[in-house]
Amino acid sequence: MNIAIILAGGSGSRMGKTQMPKQFLQLHNKPVLAYSLITFNNCKNIDKIFVVCSNEYKDLLYKIIYEYKIT
């Protein structure tokens, strides 16, 4: 079994003053985190995806998973 682990718990403090961590910021109308989730979701060699995320952003993470149909 191959598991992808995405570390999305950072605060993005080096980005300067942003309202949320960079993994949740929009890049070409899509959250940065969505690009990794989609890539691993479409990879036939990955069986599961684990995302490490601050509890504060858990609902936003679930929204992204639902919106981009990550299984």
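Index from 1, following the sequence. Please read all numbers here as calculations on a predicted model, not as lab measurements.
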- Consider only side-chain heavy atoms of I, L, V, M, F, W and Y, link residues closer than 4.5 Å, and tell whether Ile3 and Val52 are in one cluster. yes
- Message: Give me the atom names and distance for the closest heavy-atom approach of Leu25 to Met20.
- Response: CD2-CG, 3.8 Å
- Examine distances only and state if a side-chain atom of Asp47 and a backbone atom of Asn2 form a donor-acceptor pair shorter than 3.5 Å. yes
- Minimum heavy-atom separation for Lys69 to Asn41, with atom names? O-ND2, 3.7 Å
- Message: Tell me whether Lys30 at atom NZ has more than 12 heavy atoms from other residues, nucleotides or ligands lying less than 6.0 Å away.
- Response: yes
- Item | Smallest separation among heavy atoms of Lys48 and Ile46, with atom names | O-CG2, 3.3 Å
Name each donor-acceptor pair under 3.5 Å that joins a side chain in residues 31-40 to protein atoms two or more places apart or in another chain, with its distance.
unit_1	atom_1	unit_2	atom_2	d
Tyr35	OH	Leu27	O	2.7
Thr39	OG1	Tyr35	O	2.8

- Here the gap from Ser54 atom OG to Phe24 atom CZ, rounded to the nearest 0.5 Å, amounts to 8.0 Å
- Note on the structure: One should read off an interatomic distance between Leu60 CG and Glu67 CD, to the nearest 0.5 angstrom, of 9.5 Å
- Item | Same apolar cluster: Ile64 and Tyr62, side chain cutoff 4.5 Å | yes
